[in-house]
Chemist: 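Could you have a look at this structure, given as structure tokens, before my questions?
Hydrogens, waters and symmetry mates play no part in the numbers below; they use all other heavy atoms, side chains included. Lettering of chains follows the sequences in order, A, B, ..., and the numbering in each one begins at 1.
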Amino acid sequence: MAGSGPTALERFINGIIPENPVYRQLLGMCPTLAVTNGMKPALTMAGATAFVLICANVITSLIRNALKPHLRILVFTLTIATFVTIADRFLQAFMPAMSKVLGPYVPLIIVNCIIIARCEVCASKQAVGTALADALGCAIGFALGLSSIATVREILGTGCWMGMRILPEGWDNWGIMVLPPGAFLTLGLLLGLAEWFGAARKKAGRS
Amino acid sequence: MDHLVDILLIAVGAAFINNFVLHYFVGICPFIGVSRRVDQAFGMGLAVTFVVTIASFLAWVFTWFVTRPGAPVTAWVWHLFSPGSDAVLDLSILNYIIYIFVIASSVQFVEMYLKKFFPALFKAFGVYLPLITTNCAILFACLEIMKHVSGVRNPAEMWGLDQALTLAVFGGLGFALAITTMAGIREELDLCDIPEPLKGPGITLLTAGIMAMAFMGFTGVDRGLAAFLR
């Protein structure tokens, strides 16, 4: 069925660590930086993105034979926009407070490069099962990326994790961590760390 | 007079205080990807300003006349089909789809127009124009306009076309400012001894963090300016 290229399982695993959307491919940076000042918004965002990613991938895969090459990007974005509208209305109806916190970043999922990239690279060429596995892997990888950044920022910025106190009461909150500059600094340092680990592992493998 | 002050505050807010890149994190992809050389970065900044203005204009027109609650065109069409009905129609559920459609097609048209009438400019922008379709900054400007047109209940507080265009133009210029500054810094960084793992995106993000701290210095400028002018 799949013919050439990685199988469904390989694609699923690929999305989580080896081709992690946040650390390896540097895709979808806007939400990565914007909603990671706490674990709860980060997880909600990851959930919404996962929903849109999975639905869009499955639909794209189902209609892949009818796609015209020059119109495909437009079709992708319209499919994605439809599911984002559903996700946005759902959040407004059932989690109004969280929807306020996330603000414009839920509709901005439409232009999240991860989803368009997955539709273009995988879903428009593969069968439904493979596309689904690929979307699941990518969604988990994205959730891991978001939560790692959110963990650092929330613990250093407020001393809590998911609202539970982690650091002692006397901890001086690093206010900058929950403000915009903290997002850039945390992601920059974590990227460096991931890069460093990768290089160290490669070196160990060679010698 | 108050109206002019409002517009000035929107302009300063969009360009400096709530800079698209450094405060709202939209348009990060080109900010990291196309900030290697100053001239390229400047070209990208201008291309974004250009497209964001056109897309915002169209987004405002559609939101104002078609999708906001009680919009004139929608009401008129509704009255054709059911005369005498006093229902207030709200099509704002279609907003996102309309915006992305408007952005994609305006990028397409801008590309064709430039190719025909300003070939030199088209050559300079060429590579970046298609990329702009998926630039969050454009959609973000449209969403801000939507928030101030269809999200407001009091008609007096609704943004007119002038306010919407101010946000778009100055937001775009703020983006150009941020990306050009970043490119200037990165050109200097080429000569520095950066730790191996941080090379590339890592050091760019750290630099952006420090720039964002500098831009935090603008916080409160709008209130001071308003008090001074009113």
Chemist: Looking at Ala199(A), Pro107(A), Ala183(A), which has the largest count of heavy-atom pairs under 4.5 Å with chain B?
Modeler: Pro107(A)
Chemist: Need one label for Leu193(A): side chain, backbone, both or neither, based on atoms under 4.5 Å from any heavy atom in chain B.
Modeler: neither
Chemist: Just so I understand: if I count every heavy-atom pair under 4.5 Å between each of Ile93(B), Val26(B), Asn95(B), Leu94(B) and chain A, which residue has the most?
Modeler: Ile93(B)
Chemist: Check for a donor-acceptor pair, side chain of Asn19(B) on one end and backbone N or O of Ala15(B) on the other, with a separation under 3.5 Å.
Modeler: yes
Chemist: Please classify the contact of Ile110(A) with chain B as side chain, backbone, both or neither, using a heavy-atom distance under 4.5 Å.
Modeler: side chain
Chemist: Taking all atoms of both residues into account, what is the closest heavy-atom pair of Met29(A) and Ile28(B), and its distance?
Modeler: CB-CG2, 3.5 Å
Chemist: Has the side chain of Ser61(A) got a donor or acceptor atom that lies under 3.5 Å from a matching backbone atom of Asn57(A)?
Modeler: no
Chemist: According to the interplanar angle, ranging from 0 to 90°, do the rings of Trp60(B) and Phe65(B) count as parallel (below 30°), tilted (30 to 60°) or perpendicular (above 60°)?
Modeler: perpendicular
Chemist: Mind listing the side-chain donor-acceptor pairs of residues 197-224 of chain B below 3.5 Å, one per line with the distance, residues two or more places apart or on another chain?
Modeler:
residue, atom, partner, partner atom, Å
Thr204(B), OG1, Gly200(B), O, 2.8
Thr207(B), OG1, Ile203(B), O, 2.6
Thr219(B), OG1, Met216(B), O, 2.5

Chemist: State the CD-CG distance between Glu157(B) and Asp6(B), to the nearest 0.5 angstrom.
Modeler: 10.0 Å
Chemist: Using non-hydrogen atoms only, which part of Leu74(A) is less than 4.5 Å away from chain B: side chain, backbone, both, or neither?
Modeler: side chain
Chemist: Checking heavy atoms, do the side chain of Phe197(A), its backbone, both or neither come under 4.5 Å from chain B?
Modeler: neither
Chemist: Counting heavy-atom pairs closer than 4.5 Å to chain B, which one of Pro181(A), Gly188(A), Gly182(A) comes out on top?
Modeler: Pro181(A)
Chemist: Is Tyr24(B) close to chain A through its backbone or its side chain, or both, or neither, when contacts mean heavy atoms under 4.5 Å?
Modeler: both
Chemist: Where does Leu189(A) contact chain B at under 4.5 Å (heavy atoms): side chain, backbone, both or neither?
Modeler: both
Chemist: Can you tell me if Asn173(A) uses its side chain to pair, donor with acceptor, with the backbone of Gly175(A) under 3.5 Å?
Modeler: no
